[in-house]
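Below, chains carry the letters A, B, ... as their sequence lines are ordered, and counting in each starts from 1. What you see is a predicted model; the values in this text were computed from it and never measured.
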Amino acid sequence: MEKKWFVTASPHIADQESIPKIMYGVVISLIPAMLGAIYFFGPHAGWVMLVAVASAVATEAIIEKLMKKPITVRDGSAVVTGILLAMNVPAEVPWWIPLIGSAFAIAIGKIPFGGLGYNPMNPALLGRAFLLASWPTHMTIFKTRPLEWITHHPGLAQFLSKLSLYTPDPTGKFSLSGIDVITTATPLNVFKQQKDAILRFADDPSMTEKVKTAHEAISQLYDSYGNLFWGKIGGCIGETSVFLLLIGAIYLIYKRYIRLRIPLSYIGTVAILSWIFGGVDGLFSGDPLFHVLAGGLMLGAFYMATDMVTSPVTSAGGYIFGIGCGIITVLIRLIGGYPEGVSYSILLMNLTVPLIDRYTKPKTFGKVKNK
Amino acid sequence: MRLKRLTFKGGVHPPERKELSEEQAIEALPLPSYVVIPLQQHLGAPAEPIVAVGDMVRTGDKICEAKGFVSVPSHASISGKVKAIEKRPHPVAGEALAIVIESDGKDEMSPNIGPVANYLALDVEEMKKKIQQAGLAGMGGAAFPTHVKLSPPANKPIDTFILNGAECEPYLTADHRLMLEHPNEILEGVRIIMKILGCKNGYIAIEKNKPDAIAVFQKLVNEAGDNLRVVALNVKYPQGAEKQLIKAITNRKVPAGGLPMDVGCLVHNVGTAKAVYEAVALNKPLYERVVTVSGRGIRQPKNLRVRIGTPFQNLIDFCGGLSDDTVKIINGGPMMGIAQYTLEVPVTKGTSGILALTSSETRIAEPQPCIRCGRCVEVCPMNLLPNTLARLVEYKRFDEARELGVLDCIECGSCAFVCPSKIRHVHHIKFGKLEVTKMMKAKAA
């Protein structure tokens, strides 16, 4: 009896890439930001991430089990969704917030469309949007100042200051005189309230004066671009340290799991538009660097707008997608009701992807334009 | 000369694995006890048998005649007795009519074979006739009848001939060995082809991973003072694909749905060029060719000169047999070759290699859903959207597949090679092409 050979279509060799490799590559790239989150916000941030991942994986497994379908959790995509969801909530949320968020992301944002590869919108962002709409108070209050948790652990504080990883904050709590606007402490939120106040009190010189005083206080919030860059600011778990996010992004680019076209066009658009329209002293008075470094832009641009499933496959499409995200983000930040615009801009642009792909189909080699 | 990079957009870098066989000089395979010569070894109409069961034939005797212009005859590759004309396993078609010849062990040559005096002075039409009569079909794999390519219509003059020595398929080294061991015959074939075409520019295109072959031709061309240029191509798959090769060297783009002649070019493989020389200068029909037998499943990889019609089994046995972990047998290269279900299939004119792949070097994986990573789009040398095409065909949306250029796919397999989801793009696209062609024929009728 002759041996039986496999007969499949060509090609018969393939490179080593696989879905789990890509997904766990993304997980690896997020490790610096995850460790950073625990450092900045304390162990609770770690629990939030753990709950989010466990919830995402369990939800996927349970639903697939109930639907009598193959269990796909090993491909790593649910793990990524869980981590990204956790990165998009404040560190102090109660434990059931990431639990519900991840479950929603998987059960509503992913499985009903056919699972991995078929979901039109980024599941983690959808989960976050759901949480923000349902429990806005939990989702927008960032009580803890970064590194504050360490003060509750004197031994650790001593140890970390020896490593120059921690300096006790002399300013302590801050309060603003004149205007009682600060309920939350993300720099973007402060920025928004400040700008609104200036516009509101434009005719009242005494108020303008007060706003200016407030501005001084605000600058304490993030002190410098350096704090924004390194992550010593309030915010969601994963969005604070630009530096740590960039380390991961460089890894993703090196592994060719993401392309620069989306983050570059996205961030570039935000920078240009916020420079032109973001200032209070007329056009071209905005602070582009602040807008680029603050909020979840880096997280969104490098980790969520680049989600393969929900972004265009074509090169030109990537640029259009990124610019679109940038325009919507700036619109929301400057005119809309939210201080942040990254999540919604990406979700909205996700929905345009089929259209973008259709109209950016590359020209076939040797194809002459039909006239 | 143009200093642009000699390459094309897209493509992939599969492991070359040429080291398995590239040092192996061409060896002649001992005569097989029987050969199976399919009536169809070329694109176009199958040939018609002109021998009957029981007839005695000599090596080089014509045994089947071309049917129509786009068709070529075939010849006995050993001397002996016609044992059967019946359906036999075929490396490309699955099963096809073939003439089976039992060897008499004498290898008696047809008296027609012999040197032709002053062959370069022959009339062009005479040369083309010899090429057609010798049964030449492209030896790079596609097996298009050579004389047809050499007969462009008057309104499509050819000004550039490119000798394709890229051999970009991994594993394969037959062309490489041929270039090292028979450069003069190949060059003579090039001269004949250029005379037939009346074209001025000739390029000898070789990938940079074969520096010895490049040096050999550079030296010969310099000595002869021919109007030929040796070009070293960047190593990238599918560098040897006709349209990509023409783009890399001449910067001309063959129009979608068109042929190289539309941009005044013609490409022939090195094996074909050598066969052209043998047909015109030696009256030798195409009854043997060089085949790379390689892959980790082959104990001693070799480059063999083999009579057409020799069963794969003979070549593999001669190379020490198969290792136990062999899972796949391929006719051709690993990127575009065709998987075989039996070792009874014969070597045909288009068989450039026989590969035995082990589970460690091939991939047998269940396809996963497309995660739209876009890698297939990036590597597609034809600028298509392979993931979209595969999905459209899967959903039987052939009209849309056609609009998106499914017929322009050259089936190089770069998309499936890089796909992390192991989607079988080429499988889907080949099926889509069949259906779209059917659809178009039905519409035309």
Stepwise, does the salt bridge (Lys or Arg N to Asp or Glu O under 4.0 Å) test hold for A:Asp307 with B:Arg372?
CA-CA 9 Å; A:Asp307 171 19; B:Arg372 300 171 35 85; over 6 Å; no
Residue-level interface, residues 69-79 of chain A with chain B, non-hydrogen cut-off under 4.5 Å:
none
Side-chain contact test, heavy atoms from C-beta onward, threshold under 4.5 Å: evaluate it for [X] versus [Y] and give yes or no.
X: A:Lys367; Y: B:Met382; result: no
X: A:Lys361; Y: B:Leu404; result: yes
X: A:Glu17; Y: B:Val418; result: no
X: B:His427; Y: A:Ser10; result: no
X: A:Pro11; Y: B:Val426; result: yes
X: B:Arg375; Y: A:Asp15; result: yes
X: B:Thr326; Y: A:Trp5; result: yes
X: B:Lys9; Y: A:Phe365; result: no

For A:Lys363, does its backbone N or O pair with a side-chain atom of B:Asn383 as donor and acceptor, under 3.5 Å?
yes
Is B:Thr362 reaching over with its side chain to a backbone N or O of A:Ile13, donor-acceptor style, under 3.5 angstrom?
no
Check each atom of A:Ile22 against the heavy atoms of chain B and say whether the ones under 4.5 Å are side chain, backbone, both or neither.
side chain
Heavy-atom cut-off 4.5 Å, strictly under: side chain, backbone, both or neither for A:Ser315 against chain B?
neither
Taking the six-membered ring of B:Tyr341 as reference, does the cationic atom of A:Lys4 (NZ for Lys, CZ for Arg) lie under 6.0 Å from its centre and within 45° of its axis?
no
Under 4.5 Å, counting heavy-atom pairs only, tell me which of A:Pro312, A:Gly114, A:Gly117, A:Gly115 racks up the most with chain B.
A:Gly117
With a 3.5 Å cut-off and no angle check, do the side chains of A:Thr8 and B:Lys328 form a donor-acceptor pair?
yes
CG-OG1 distance between B:Leu385 and A:Thr364, expressed to the nearest 0.5 angstrom:
8.0 Å
Inter-residue atom distance A:Arg256.CZ - B:Cys373.SG, 0.5 Å rounding:
11.0 Å
Shortest non-hydrogen contact between A:Ile19 and B:Ser421, atoms and distance:
CD1-OG, 3.3 Å
Heavy-atom distances under 4.5 Å only: say whether [X] touches chain A with side chain, backbone, both or neither.
X: B:Glu378; result: side chain
X: B:Asp262; result: neither
X: B:Ile371; result: both

Tell me every residue that passes side-chain hydrogen bond (donor to acceptor under 3.5 Å, both in side chains) with B:Lys433, counting only those two or more places apart in sequence or in another chain.
B:Glu411
How far apart are the C-alpha atoms of A:His12 and B:Glu361, what are their side-chain angles, what is the distance that settles it, and do they pass the side-chain contact (heavy atoms from CB on, under 4.5 Å) test?
CA-CA 9 Å; A:His12 307 284; B:Glu361 56 191 333; over 6 Å; no
